[in-house]
Amino acid sequence: MASDEADVGPPRPPPEEEETVGPMPPKKKKRKVLEFEKVYLDSLPSAEMYEWSYLHRDVVTQVAKLAIADRDAPKVHIFNTSHAGTEAMHIMEGIEFVKHYRAHLGPVDGLAVNDSGSLCSTISRDKSAKVSPDGKHFVLLAPDRKIRVFQFRTGKLVRTYEETLEVINDIQKADDSPFKLENIDFGRRMAIEREMEKGEEDYPCNPNVIFDETGNFIIYATLLGIKMVNIVTNRAVRVVGKVENTERFLRLALYQGVPKAKRARTAAGGESKPVEKDPTLICTAYKKDRLYLFSRREPEDAEDAATGRDVFNEKPRADELMSADAVPITGTAKHSMARGATIHTTLGDIEVKLYMDECPKTVENFTGHSRNGYYDGLLFHRVIKGFMLQFFVTTTVTPWLDGKHTVFGRVTKGMDVVGLIEKVKTDPGDRPLQDVKIMNIVLTF
């Protein structure tokens, strides 16, 4: 047969591209983008430190905000409750105390105000959901420390944000985490979280979640600070209050309007001068008798903020307090700060002088914790000879700590006891092999 003989039969089909066997790979999802995100963020507080705090008659447990758009006298009312079951109202222009109601004999766990401001309601136990202003979503913060966002119309779960202690521990261990704290600071904050989880009945510690006015962001307080999360892009876009390591913020209320003093005024030529919003986040903190205000401004003197931003406004009379163990207070709030303390430990007594004039904020916190028994039974869990023992008594000059920690007192008697504690044997992690405890602290005024 000749080599150039034609093939017999129908022609062969042209070669086809090899087909993919099995299921097709999923298409890459396009990352969601919130248009004009920067504009929305400009209407939210951004300062890392709270600008002002105002004293209240007792530990503040709830807060709600109401803006009254009166053309002649616009005001923002802040409703708050204390653990003793009382309500108070403040006006933001100068934070003027207005009214005091005795509504409950027990702790208040929920607070709500209607749009017109004519009704204020409280409940004994908080079982509520927050609905976004646009009516599209509602959000819940559950006891398992998870924040869940649902579609309002269908009830479908669309977002879940986990703030469990396990997740926070993992964040702390990650070297590249933007939320990483100093180990001493992190340990102190974790101790407060564990105390909160015990659930003292007189001090409700259930934080809330709120929406901004657009419904695109949720805001809630965590151990690491107050987070602002974009639920459209699913990103944490801002954290405020991270540097405030003596407050564990809980309940929030947000004001995003323009105060009366900054309203637009008509210029001589008939043109109105534009005025930017002055957003303010009003917060409570765990076992604190203050309202904290975050804005877009840092404190006037951020390097020494403790001396000026915490307003010592007058406290109500002691006979107004419902708590049976309340300490009588007269005059200014300095009477509620101790001048000295005796720390009774298992190895002896340590007497200290407190710098109430130089460090009023820190001394106020120490006084409150001592009164509440926070330090009772506390272990000196870390002792480094020639350096320090916890809760941070330095035994030598430490210039590398300047500007990082507040020196709010000094030992005046009992250095021999400090020396005994410093000499106890420790493990490789500087933890004493023998338990050394603070039995209790007695304050002097």
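All values reported here derive from a predicted model rather than from experimental measurement. All heavy atoms count here, side chains included; hydrogens, waters and symmetry mates do not.
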Using atom types as modelled and distance alone, determine if a side-chain donor or acceptor of Arg159 lies under 3.5 Å from a backbone N or O of Val232. yes
Report yes or no: does Glu244 contribute a side-chain atom to a donor-acceptor pair with the main-chain N or O of Tyr50 at less than 3.5 Å? yes
Salt-bridge test for Lys242 and Glu48: reply yes if a basic N is under 4.0 Å from a carboxylate O, no otherwise. no
Decide yes or no on side-chain contact (heavy atoms from CB on, under 4.5 Å) for Tyr292 and Ile282, but give the supporting numbers first. CA-CA 6 Å; Tyr292 300 87; Ile282 307 107; over 6 Å; no
So Val239 and Ile226, side-chain contact (heavy atoms from CB on, under 4.5 Å) or not? Walk me through it. CA-CA 5 Å; Val239 178; Ile226 300 171; 6.0 Å; no
Below 4.5 Å, heavy atoms only, C-beta onward: do Leu433 and Thr426 meet side chain to side chain? no
Let me know which of Arg189, Lys288, Arg290 forms a salt bridge (charged side-chain N to carboxylate O under 4.0 Å, His left out) with Glu247. Lys288
Over all heavy atoms of both residues, which pair between Ala221 and Leu252 is shortest? Give the atoms and the distance, please. N-CD1, 3.9 Å
Per the side-chain hydrogen bond (donor to acceptor under 3.5 Å, both in side chains) rule, which among Gln256, Arg297, Arg296 passes with Asp278? Arg297
If the threshold is 4.0 Å, N to carboxylate O, is there a salt bridge linking Asp144 and Arg148? yes
Of all the heavy-atom pairs spanning Met337 and Val363, show the shortest one and how long it is. CB-CG1, 4.1 Å
Does any donor atom in the side chain of Glu37 or Asn230 lie under 3.5 Å from an acceptor atom in the other side chain? yes
About how many Å separate CG of Asp212 and CD1 of Ile219, when rounded to the nearest 0.5 Å? 6.0 Å
Between Ile210 and Leu254, what is the shortest heavy-atom contact and its length? CD1-CB, 3.7 Å
Just checking Tyr220 against Phe211, ring centres under 6.0 Å apart? no
Taking NZ in Lys32 as the centre, count heavy atoms belonging to other residues, nucleotides or ligands within less than 6.0 Å. Is the count above 12? no
Please report the closest heavy-atom contact between Ala341 and Phe366, naming both atoms and the distance. CB-CE2, 4.0 Å
Using 4.0 Å as the upper bound for N to carboxylate O, is an ion pair formed by Lys437 and Asp376? no
NZ-CZ distance between Lys287 and Arg371, expressed to the nearest 0.5 angstrom: 14.0 Å
In chain order, what residues pass the side chain to side chain contact (heavy atoms under 4.5 Å, CB included) check against Glu351, with sequence neighbours excluded? Thr342, Thr412, Lys413
In Å and rounded to the nearest 0.5 Å, what is the CE to CG distance from Met228 to Leu281? 5.5 Å
Indicate yes or no for a side-chain donor-acceptor contact from Lys146 to the backbone of Tyr161 under 3.5 Å, with no hydrogens or angles considered. no
Give a yes or no on whether a salt bridge exists between Glu193 and Arg248, defined as a side-chain N under 4.0 angstrom from a carboxylate O. yes
Spacing of CD1 belonging to Ile421 relative to CD belonging to Gln434, to within rounding of 0.5 Å: 10.0 Å
Here the pair of heavy atoms bringing Thr164 nearest to Glu162 is OG1-OE2, 3.3 Å
I'd like to know if the side chain of Asp416 and the backbone of Leu420 have a donor-acceptor N/O pair within less than 3.5 Å. no
Taking the side chain as C-beta and beyond, is there a heavy-atom pair between Phe380 and Thr345 under 4.5 Å? yes
May I ask you to establish whether Lys227 and Phe179 are in a cation-pi arrangement, using a distance under 6.0 Å from NZ or CZ to the six-membered ring centre and at most 45° from the ring axis? yes
Side-chain touch Ile147/Leu140, heavy atoms, less than 4.5 angstrom: no
Arg251 and Thr284: side-chain donor and acceptor closer than 3.5 Å? no
Return yes if some donor-acceptor pair links the side-chain N/O of Arg238 with the main-chain N/O of Leu41 below 3.5 Å, else return no. yes
Interatomic distance, Asn216 atom CG to Leu44 atom CG [nearest 0.5 angstrom]: 10.0 Å
Looking only at heavy atoms, what is the nearest atom pair of Phe294 and Cys283, with distance? CD1-SG, 3.7 Å
Evaluate the side-chain contact (heavy atoms from CB on, under 4.5 Å) criterion for residues Gln172 and Phe186: first the C-alpha distance (whole Å), next the side-chain angles of each, then the deciding distance (0.1 Å), finally the verdict. CA-CA 8 Å; Gln172 179 66 13; Phe186 181 75; 3.6 Å; yes
Steps toward side-chain contact (heavy atoms from CB on, under 4.5 Å) verdict (Asp185, Asn183): CA-CA 5 Å; Asp185 185 17; Asn183 289 333; over 6 Å; no
Would you give the length of the straight line joining atom NE2 of His344 to atom OH of Tyr375, rounded to the nearest 0.5 angstrom? 15.5 Å
Suppose we call two aromatic rings close when their centres sit under 6.0 Å apart. Are Phe408 and Tyr355 close by that rule? no
Can you check whether Ala338's main-chain N or O pairs, donor with acceptor, with Thr367's side chain at less than 3.5 Å? yes
Below 4.5 Å, heavy atoms only, C-beta onward: do Arg431 and Leu379 meet side chain to side chain? yes
Heavy-atom check, side chain of Ile350 versus side chain of Val418, under 4.5 Å: yes
